[in-house]
Amino acid sequence: MARSWILHVDLDQFIAAVELLRHPELRGRPVVVGGSGDPTAPRTVAATATYEAREHGVHSGMPLRTALRRCPDAVFLPSDPPAYEAASERVMAVLRELPVLVEVWGWDEAFVGATVDDPEALAAGLRAAVLDRTALSCSVGIGDNKHQAKLASAFAKPGGIFRLTGENWAEVMNDRPTDALWGIGARTAKKLAGLGLRTVADLAAADPAELARAFGPVNGPWYHYLALGRGEAEVVTTPWVARGHSRETTFARDLTDRDAVAAQVAELAGQVASDAAAAGRLCARVTVKVRFTPFLTRTRQSTLPVATADARVLTEAALAVLGRFDLDRPVRLLGVAVEYTPPEA
DNA sequence: TCTGGGGTCCTAGGACCC
DNA sequence: TCTGGGGTCCTAGGACCC
């Protein structure tokens with residue numbers, strides 16, 4: 001009997017796979033992608049690493065200098081976001097040609113909604129179509145909702161299909177730590193453990209009211225809901241409307257000069273303004289972010305009297321916000337973020 | 001492992017208003 | 001004048017995700 005399913009399509013090693021299509025001679029070699037491709041650049045991290053590089057202990061998020069130490073034979077490639085964006089669009093276009101609902105969820109993943117008898121057959125069809133048309137491999141998770149489908153695709157990697165529904169949820173998930181759930185990370189897992197809740201089963205059996213006291217009225221009950229295997233089940237096909245936008249830069253060497261700091265903030269504000277104008281959006285609020293050495297991050301924000309995408313106005317506002325910081329320590333990062341007004345109807 | 005860049009949503013406290 | 005209850009907006013920070 002046909003019923004509705006949520007599938008999560010997750011491209012395998014997406015960035016690395018795109019790079020290997022462009023550089024087939026590197027197949028089988030350890031490859032690390034990140035920054036401008038210079039592994040000696042400080043304060044630069046890996047966007048991804050191939051399985052061959054992972055065997056040497058390299059992983060995404062690792063400083064390139066560390067990756068170079070661990071795997072001196074690795075090939076280091078610069079990150080090329082426009083290429084990944086283009087590859088992503090080709091994949092999503094393939095999915096949209098199929099008789100399913102498609103909700104894009106970032107560069108390398110999408111949720112698919114369909115009503116079918118045999119979801120494994122649909123998943124195999126999606127995988128084959130993507131591989132045939134783009135030469136990229138993906139894994140597919142099948143669930144009753146997005147949360148289950150998302151976890152299922154991770155179990156399916158690489159290049160497989162896995163079904164996680166209400167039927168096998170407890171069997172598959174109950175003994176796993178709480179941070180196996182999508183939306184519970186290391187910090188929350190630790191706090192849960194402090195309450196004696198270590199596994200998904202523990203959390204599923206917990207009192208939502210007690211969780212609300214510890215984590216807030218929305219988050220607490222939400223964690224309980226996740227532990228039961230529940231989640232959003234509606235596939236939204238309308239394009240995502242960004243809530244805001246930001247630009248930030250980590251400097252290879254700390255900034256200590258006030259004027260240099262102000263100049264960088266003005267530069268970032270100008271970029272954000274032109275991004276907003278290009279997107280046809282207005283900015284309602286400006287936030288300046290300063291990361292001091294060592295790694296102490298502070299933000300200050302202000303609501304604009306009138307929403308705008310005017311570069312001069314945004315730059316002045318950002319500089320005024322910057323003026324509220326104590327710039328008494330070396331600065332390693334500066335950022336400017338804006339919150340958009342909802343788009344005109 | 002001296003720790004990127006770009007997002008989203010929630011929380012808590014205070015201001016302010018009726 | 002020893003003092004309620006609620007609603008909304010603003011700000012700073014935290015957590016999580018890719």
Side-chain angles (χ1 to χ4, degrees), chain A residues 8 10-11 13-15 32-36 38-39 41-49 56-71 78-79 81 84-85 88 104-110 146-147 150-151 153-154 178-192 212-223 226 232 240-254 268 271-272 275 284-305 321 324-325 330 332-340:
Chain A
H8 181 251
D10 199 328
L11 290 152
Q13 288 261 288
F14 175 61
I15 292 173
V32 180
V33 183
S36 55
D38 173 8
R43 297 177 180 177
T44 307
V45 303
T48 191
H56 292 82
V58 178
H59 55 79
S60 64
M62 174 178 280
L64 291 184
R65 296 175 125 178
T66 308
L68 179 61
R69 220 179 307 128
R70 293 202 175 183
C71 188
S79 176
Y84 314 141
E85 183 65 45
S88 176
V104 176
W105 201 270
W107 274 353
D108 60 346
E109 49 184 313
K146 290 178 182 172
H147 179 212
K150 169 82 184 176
L151 298 184
S153 70
T178 54
D179 62 3
L181 299 169
W182 187 34
I184 295 186
R187 308 296 287 247
T188 303
K190 196 171 172 191
K191 201 169 161 187
L192 286 166
R213 278 191 290 279
F215 297 96
V218 174
N219 287 337
W222 176 251
Y223 298 153
L226 291 178
E232 175 66 52
W240 178 254
V241 177
R243 311 294 199 258
H245 179 63
S246 67
R247 293 271 190 155
E248 63 183 59
T249 311
T250 293
F251 305 104
R253 298 183 55 194
D254 293 335
L268 291 163
Q271 282 177 25
V272 168
D275 295 338
R285 201 190 306 272
V286 185
T287 301
V288 174
K289 173 166 154 185
V290 180
R291 178 124 73 210
F292 298 99
T293 305
F295 227 75
L296 175 76
T297 307
R298 288 287 176 267
T299 62
R300 294 283 180 277
Q301 59 181 301
S302 87
T303 300
L304 298 169
V321 171
R324 288 160 39 204
F325 281 91
R332 67 174 279 148
L333 170 146
L334 290 170
V336 173
V338 291
E339 187 179 304
Y340 288 145

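Lettering follows sequence order; numbering is per chain, from 1.
- Note that A:R300 lies in the cation-pi zone of A:F325, set by a 6.0 Å cut-off to the ring centre and a 45° limit from the axis.
- Proximity note for A:W240 (side chain, C-beta onward) versus B:dT8, C:dT11, C:dC18: the nearest is B:dT8.
- Counting non-hydrogen atoms under 4.0 angstrom, A:G57 reaches nothing in the nucleic acid.
- Near DNA chain B, defined here as any heavy-atom distance below 4.0 Å, there are no residues from residues 182-190 of chain A.
- Counting non-hydrogen atoms under 4.0 angstrom, A:S302 reaches the backbone sugars and phosphates but no base.
- Using a 4.5 Å heavy-atom threshold, the side chains of A:H8 and A:K146 count as separate.
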Task: Pairing annotation in dot-bracket form, given for DNA chain B with Watson-Crick or G-U pairs under 3.5 Å and | for cross-strand partners - done: ....||||||||||||||
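- Closest heavy-atom contact between A:S302 and A:V321: OG-CG2, 3.7 Å.
- Under the 4.5 Å side-chain criterion, counting only non-hydrogen atoms from C-beta, A:F14 is not in contact with A:T48.
- Residues A:V32 and A:L64 meet the side-chain proximity criterion, which asks for heavy atoms closer than 4.5 Å.
- Summary of the strand contacts: A:P217 and A:G244 both lie near DNA chain B, and taking for each the nucleotide with the nearest heavy atom, the more 5' one is attributed to A:G244.
- In this structure, CD of A:Q301 is placed 10 Å from C1' of C:dG13, rounded to the nearest angstrom.
- Distance A:L151 CG to C:dC16 P: 15 Å, rounded to the nearest Å.
- Toward the 5′ end of DNA chain B lies the nearest nucleotide of A:H59, the other residue of the pair A:H59 and A:G220 mapping further downstream.
- Comparing B:dT11, B:dC2, C:dG13 by their nearest atom to the side chain of A:R300 picks out C:dG13.
- Proximity of A:K191 to the phosphate of C:dA15: no side-chain N or O atom is located under 4.0 Å from OP1 or OP2.
- In this structure, the CZ atom of A:R243 is 19 Å from the P atom of B:dG6, given to the nearest Å.
- Dashed line: the shortest gap from a side-chain N or O of A:H245 to OP1 or OP2 of B:dG7 is under 4.0 Å.
- At a threshold of 4.5 Å between non-hydrogen side-chain atoms, the residues A:L304 and A:V286 count as touching.
- For the pair A:R70 CZ and B:dT1 C1', the interatomic distance rounds to 6 Å; values are reported in whole Å.
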Nucleotides 3-5 of chain B: which of its N/O atoms have a protein N/O under 3.5 Å away?
| from | atom 1 | to | atom 2 | distance (Å) |
| --- | --- | --- | --- | --- |
| B:dG4 | OP1 | A:R332 | NH2 | 2.8 |
| B:dG5 | OP1 | A:T250 | N | 3.0 |
| B:dG5 | OP2 | A:T250 | N | 3.2 |
| B:dG5 | OP2 | A:T250 | OG1 | 2.5 |

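- Atoms CD (A:E85) and P (B:dG6) sit 14 Å apart, rounded to a whole Å.
- Aromatic ring pairs are classed by plane angle as parallel below 30°, tilted from 30° to 60° and perpendicular above 60°; the pair A:H245 and A:Y340 is parallel.
- Phosphate contact (OP1/OP2 of C:dT11, side-chain N/O of A:T303, threshold under 4.0 Å): present.
- Across B:dT11, C:dT11, C:dC18, the shortest atom-to-atom separation from the side chain of A:N219 is found for B:dT11.
- Taking atom C1' on both nucleotides, B:dC2 is separated from C:dC18 by 23 Å, rounded to a whole Å.
- Note: A:W182 and A:H147 have parallel aromatic rings, judged against thresholds of 30 and 60 degrees for the angle between ring planes.
- At a threshold of 4.5 Å between non-hydrogen side-chain atoms, the residues A:I184 and A:Y223 count as touching.
- Note: CD (A:E109) to P (B:dT8) measures 15 Å, nearest angstrom.
- Looking at A:R247 and A:V336, their side chains never come closer than 4.5 Å, going by heavy atoms from C-beta outward.
- The side-chain heavy atoms of A:Y84 and A:D108, taken from C-beta on, include no pair separated by under 4.5 Å.
- Between the P atom of C:dT11 and the CZ atom of A:R298 lies a distance of 18 Å, rounded to the nearest Å.
- Summarising the local packing, CZ of A:R324 is surrounded by more than 12 heavy atoms from other residues, nucleotides or ligands at distances under 6.0 Å.
- In this structure the side chain of A:V290 reaches within 4.5 angstrom of the side chain of A:L334, judged on heavy atoms.
- Separating the CH2 atom of A:W222 from the P atom of B:dT11 is a distance of 13 Å, rounded to the nearest angstrom.
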